[in-house]
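Below is one structure, written out as structure tokens; comments come after it.
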Amino acid sequence: ILIGDENFSIDSIRNIKHYDSKGAYMLPLNRYSIEYKKDYIYYDFVKDLINYYEKNDVIKIPFSNPNFILMSCSSKDILNKVLSQDNFPKEVYIDDDKGRIVPVEKFTA
């Protein structure tokens with residue numbers, strides 16, 4: 001899960017060049033799809049996901065009005081490759097679904 005401030009949106013992701021991708025498509029229901037030769041990434045903007053967080057996790061989020069994008073990838077390699085790109089937003093945090101909410105740089109280190 002990608003977490004950003006109130007300005008973070010699916011357009012924030014659409015403005016990124018995904019290196020080595022073959023295509024990018026905006027799909028219904030606020031889904032953005034990136035296609036690679038053998039891999040894919042789906043980004044889904046989820047409004048009000050904060051309501052599903054427990055209080056002890058909410059305090060780990062450094063934004064007062066956070067926005068959330070679910071990032072689904074076909075492989076861990078493509079996930080790390082994209083999150084490590086020099087043009088990926090640096091102010092984004094990652095919820096790894098294992099209890100950690102960390103800056104993107106720390107997640108990919």
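With hydrophobic clusters built from ILVMFWY side chains whose heavy atoms lie under 4.5 angstrom apart, Ile59 does not share a cluster with Ile3.
Here the side chains of Ile41 and Ile78 are in contact, with some heavy-atom distance below 4.5 Å. Looking at Ile13 and Leu2, their side chains come closer than 4.5 Å, going by heavy atoms from C-beta outward. By the 4.5 Å heavy-atom criterion applied to side chains, Met71 and Leu83 are counted as neighbours.
Here the shortest heavy-atom pairing between Ile10 and Ile69 reads N-CD1, 3.9 Å. Listed here is the closest heavy atom pair of Gln85 and Lys17: NE2-O, 2.9 Å. Closest non-hydrogen pair, Ile94 versus Val104, comes out as CG1-CA, 4.0 Å. Residues Lys38 and Ser74 share a closest heavy-atom pair of O-OG, 4.4 Å.
Residue Asp11 holds its CG atom at 11.0 Å from CD1 of Ile16, rounded to the nearest 0.5 Å. Rounding to the nearest 0.5 Å gives a distance of 9.5 Å between CG of Asn7 and CD of Glu91. Rounded to the nearest 0.5 angstrom, Ile50 CD1 and Asp57 CG are separated by 9.0 Å. One finds the CG atom of Leu70 at 6.5 Å from the CG atom of Leu49 (value rounded to the nearest 0.5 Å). Atom-to-atom distance recorded for Tyr42:OH and Tyr25:OH is 10.5 Å, nearest 0.5 angstrom. Rounding to the nearest 0.5 Å gives a distance of 12.5 Å between CG of Asp39 and CD1 of Ile34.
Aromatic rings from Phe8 and Phe45 are positioned such that their centres are separated by 6.0 Å or more. Between His18 and Tyr43, the ring centre distance stays below 6.0 Å.
Look at Lys37 and Asp20 and you find no salt bridge, because none of the NZ, NE, NH1 or NH2 atoms lies under 4.0 Å from a carboxylate O.
Formation of a donor-acceptor pair under 3.5 Å by the Asn67 side chain with backbone atoms of Glu6 is found in this model. Judged by distance alone, the side chain of Ser12 and the main-chain N or O of Ser9 form a donor-acceptor pair under 3.5 Å. Judged by distance alone, with hydrogens and angles left aside, the side-chain atoms of Lys60 form a donor-acceptor pair with the main-chain N or O of Gly99 at under 3.5 Å.
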Please assess Val82 against Phe88 for the test side-chain contact (heavy atoms from CB on, under 4.5 Å), listing each intermediate value before the final yes or no.
CA-CA 7 Å; Val82 170; Phe88 198 85; 4.0 Å; yes
Derivation and outcome, side-chain contact (heavy atoms from CB on, under 4.5 Å), residues Asp95 and Tyr53:
CA-CA 11 Å; Asp95 176 344; Tyr53 275 80; 2.6 Å; yes
| request: Check step by step if side-chain contact (heavy atoms from CB on, under 4.5 Å) holds for Ile61 and Ile101. | output: CA-CA 7 Å; Ile61 298 172; Ile101 296 175; 3.9 Å; yes
* To do: Show the numbers, then the answer: is there a ring-ring contact (aromatic ring centres under 6.0 Å, His included) between Tyr93 and Phe107?
  => CA-CA 8 Å; Tyr93 277 63; Phe107 181 80; over 10 Å; no
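Residue-environment remark: CD (Glu54) stays at or below the threshold of 12 foreign heavy atoms within 6.0 Å.
Evaluation of the salt bridge (Lys or Arg N to Asp or Glu O under 4.0 Å) rule for Asp48 yields no partner, not counting sequence neighbours.
Of the N and O atoms on the side chains of Asp44 and Tyr32, not one donor lies less than 3.5 Å from an acceptor on the other residue. Side-chain atoms of Tyr19 and Asp86 include a donor-acceptor pair closer than 3.5 Å.
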